[in-house]
Chemist: 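Pasting a structure below so you can have a look.
Scope of the values below: all heavy atoms of this structure, side chains included, with no hydrogens, waters or symmetry mates. Keep in mind that what you see is a predicted model, and the values were worked out from it rather than measured. So you know, we letter chains A, B, ... as the sequences are listed, proteins then strands, and number each from 1.
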2 protein chains.
Amino acid sequence: MKFYKNYVAGEPILWQGDNFDYVASVVQGVATLGKTLEDGRTQLVGLLFGSDFIGRPGREKIDFDICAVTDVTLCCFRREPFEALISSTPSLADRLAEMALDELNAAREWMLLLGRKTAQEKIATFIEMLVRRQHNESLHGMKPKLSLPLTREEIANYLGLTIETVSRQITSFKNKGILEFSDRRNFKVKDMKALKLATGDDTEGGVII
Amino acid sequence: MKFYKNYVAGEPILWQGDNFDYVASVVQGVATLGKTLEDGRTQLVGLLFGSDFIGRPGREKIDFDICAVTDVTLCCFRREPFEALISSTPSLADRLAEMALDELNAAREWMLLLGRKTAQEKIATFIEMLVRRQHNESLHGMKPKLSLPLTREEIANYLGLTIETVSRQITSFKNKGILEFSDRRNFKVKDMKALKLATGDDTEGGVII
DNA sequence: CGTTCAGTTGAAGGCATTCAACGTCGGTGG
DNA sequence: CCACCGACGTTGAATGCCTTCAACTGAACG
């Protein structure tokens, strides 16, 4: 019923329209959910981190692409026994429903970003989200080294921008002393307050993580 | 346990952050789900039509605004007995989970629109969605009169545009002979094929509704 | 040392926005 | 009845933000 699958960075996990007879949970690594138009324009609609879930009971098709951006390990379950397990375990069904609702809220938050935020605000929001997620993962590591899990192109596709704009906005945050990069991927937040301010969101009383 | 509530067009139903001790189903009318930034920029993240659902078990707060755009009737259920009912009725829980997943898919589709589509494609996609939904409602009414349920401003907020751009793009579709308006709100689609083409989506073999 | 790929930077251009004026419709009151 | 008003919508001109196009940098690799 249960088995593991491994993917190397850059490898596609599922293509839009594939049907797929198991469900899975991310054990390790980061993957992207993306949709593409016929002419190649791509929009990432979600990121999958550890313990995120792929596939849902009753949905055999998936209408977006899933792609590994780092090496990824999935824990897979055959569909029939898993659905049987859900039927007999209400708490599991509840948990899945909870996760779906969380994703829905995240998707709607991102709609606000895509529809109404400026490039600067998009980048700030993206970085701030990374801080929050990576902070949760490395529990209480006080201001750890942070890293961008995505290439500039993937960031662009996640934020509805171009690579060039992403690059310029990141440079701008460097110049303002808000971010500091040790290389292309690894950075530290020097001024969390300014970063939060730049997201365009409610200020929440200036609480610092 | 069950009661009805009525709202007139334009009336707010719920504000961002309100907590709300019942759940509801839309009986009649259209409502919008919206999120707003501090400076007033607004993004609609969903439309509620008949039989759509507001609120979820275990979520007492709602983090967006809900607003009636036409006169709206809600069928409301007190939270505690409703949650008890769900626990004892797996099929109802399944149905709610299904609806949440449908909304998630719709939200992601909309993310593609917001992040990657041009103004022209956004309008075309919006109109095409209206055709599909209103077609379902008035079962098999062959090419009925269609109507925009939203003002130009609401359309703009739904598509991540300004009113002026919405107006210009609609005019453009009129001039091309793809849409024909009898007044500001009511129209017919004169060339469905061209409309679908203009959405930027996959052509689906040119199937006409 | 040349190649390649990811990222950066510069300059030009375009699409949507912004600002502004006008048009239209429905309601209200003189 | 008609003038006035406000809300909604349209249209025009100018600006600007992001994109597009292009050249360059730097690191990894054979």
Side-chain angles (χ1 to χ4, degrees), chain A residues 8-11 32 37 39-43 67 69-70 113-127 147-176 179-187 198 200, chain B residues 8-11 32 37 39-43 67 69-70 113-127 147-176 179-187 198 200:
Chain A
V8 299
E11 192 178 358
T32 55
L37 295 170
D39 60 8
R41 281 174 287 173
T42 294
Q43 176 66 49
C67 195
V69 291
T70 66
L113 175 144
L114 292 172
R116 288 301 184 209
K117 289 193 177 180
T118 64
Q120 183 90 184
E121 290 169 335
K122 287 178 177 184
I123 296 287
T125 306
F126 173 68
I127 303 281
S147 74
L148 300 174
L150 306 178
T151 64
R152 299 294 186 269
E153 183 174 19
E154 288 159 339
I155 296 172
N157 286 334
Y158 197 32
L159 299 176
L161 297 171
T162 59
I163 28 179
E164 295 92 333
T165 302
V166 170
S167 180
R168 277 184 250 270
Q169 296 302 333
I170 288 181
T171 301
S172 154
F173 277 121
K174 279 193 288 194
N175 293 340
K176 289 177 185 165
L179 301 179
E180 189 178 80
F181 281 76
S182 52
D183 61 27
R184 298 249 149 68
R185 293 289 193 116
N186 296 291
F187 67 99
Chain B
V8 299
E11 193 178 357
T32 56
L37 295 171
D39 61 7
R41 281 174 286 173
T42 294
Q43 176 65 49
C67 195
V69 291
T70 65
L113 175 143
L114 292 172
R116 288 302 184 206
K117 289 193 177 181
T118 64
Q120 183 90 185
E121 290 169 334
K122 287 178 176 182
I123 297 286
T125 306
F126 173 68
I127 303 280
S147 73
L148 300 174
L150 307 179
T151 64
R152 298 294 187 269
E153 183 174 18
E154 288 160 339
I155 296 172
N157 286 334
Y158 197 32
L159 299 176
L161 298 170
T162 59
I163 25 178
E164 295 93 332
T165 302
V166 170
S167 181
R168 277 185 251 271
Q169 296 302 334
I170 288 181
T171 301
S172 155
F173 277 122
K174 279 193 287 193
N175 293 340
K176 288 178 186 166
L179 300 179
E180 189 177 80
F181 281 75
S182 52
D183 61 28
R184 297 250 151 68
R185 293 289 192 117
N186 295 291
F187 67 98

Chemist: CD of A:E121 versus C1' of D:dC17: gap in Å, rounded?
Modeler: 13 Å
Chemist: Will you find, in the side chains of B:E154 and B:T151, an N or O donor that is under 3.5 Å from an N or O acceptor?
Modeler: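 Result is yes, a qualifying pair exists.
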Chemist: At the 4.0 Å heavy-atom cut-off to chain A, mark where contacts on DNA chain C begin and end, going 5' to 3'.
Modeler: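 Terminal contacting nucleotides, 5' to 3': C:dG7 to C:dA11.
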Chemist: Does any non-hydrogen side-chain atom of A:T165 lie less than 4.5 Å from one of A:L159?
Modeler: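 A:L159 vs A:T165: side chains apart.
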Chemist: In whole angstrom, give the distance that lies between atom CG of B:L161 and atom P of D:dC18.
Modeler: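 About 15 Å, once rounded to whole Å.
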Chemist: What contact category does A:I163 fall into here, base, sugar-phosphate, or nothing, at under 4.0 angstrom with non-hydrogen atoms?
Modeler: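 Contact class for A:I163: none.
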Chemist: Would you say A:L161 and A:F126 make side-chain contact, with heavy atoms under 4.5 Å?
Modeler: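 No, every pair of side-chain atoms sits at 4.5 Å or beyond.
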Chemist: Closest-nucleotide mapping onto DNA chain D: is A:T118 or A:E164 further toward the 5' terminus? I mean the 5' end.
Modeler: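 Its nearest nucleotide being more 5', the pick is A:T118.
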Chemist: With a non-hydrogen cut-off below 4.0 angstrom, is B:G10 in contact with a base, only sugar-phosphate, or nothing?
Modeler: nothing
Chemist: Out of the candidates A:D39, A:T42, A:N157, only one should pair with B:R116 under the side chain to side chain donor-acceptor pair (under 3.5 Å) rule; please name it.
Modeler: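 Per the side chain to side chain donor-acceptor pair (under 3.5 Å) rule, the option paired with B:R116 is A:N157, out of A:D39, A:T42, A:N157.
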Chemist: Could you identify which residues of residues 168-175 of chain B place a heavy atom less than 4.0 Å from some atom of DNA chain D, listed by residue number, or say none?
Modeler: B:R168, B:T171
Chemist: Starting at CZ of A:R185 and ending at P of D:dA28, how long is that distance when rounded to a whole Å?
Modeler: 13 Å
Chemist: Do B:Q120 and B:F173 come within less than 4.5 Å of each other through their side chains, counting heavy atoms only?
Modeler: yes
Chemist: What is the distance, rounded to the nearest whole Å, between atom CZ of A:R184 and atom C1' of D:dG26?
Modeler: 6 Å
Chemist: In Å and rounded to the nearest 0.5 Å, what is the CG to OH distance from A:L114 to A:Y158?
Modeler: 9.0 Å
Chemist: Would you say that more than 12 heavy atoms from the other residues, nucleotides or ligands in this model lie under 6.0 Å from the CD of A:E153, or not?
Modeler: no
Chemist: Classify B:T151 by what it touches in the nucleic acid, base, sugar-phosphate, or nothing, heavy-atom distance under 4.0 Å.
Modeler: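 Since only primed, P, OP1 and OP2 atoms lie under 4.0 Å of B:T151, the category is sugar-phosphate.
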Chemist: Using a 4.5 Å cut-off on heavy atoms from C-beta on, say whether the side chain of A:I127 contacts that of A:F187.
Modeler: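 Sidechains of A:I127 and A:F187: in contact.
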Chemist: Let me spell it out: for each of A:R152 and B:G160, pick the nucleotide of DNA chain C with the closest heavy atom. Which residue's pick is nearer the 5' end?
Modeler: A:R152
Chemist: Using a 4.5 Å cut-off on heavy atoms from C-beta on, say whether the side chain of B:F181 contacts that of B:I170.
Modeler: yes
Chemist: Measure from CD on A:E153 to P on D:dT20 and round the result to the nearest Å.
Modeler: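 Interatomic distance, CD of A:E153 to P of D:dT20: 13 Å.
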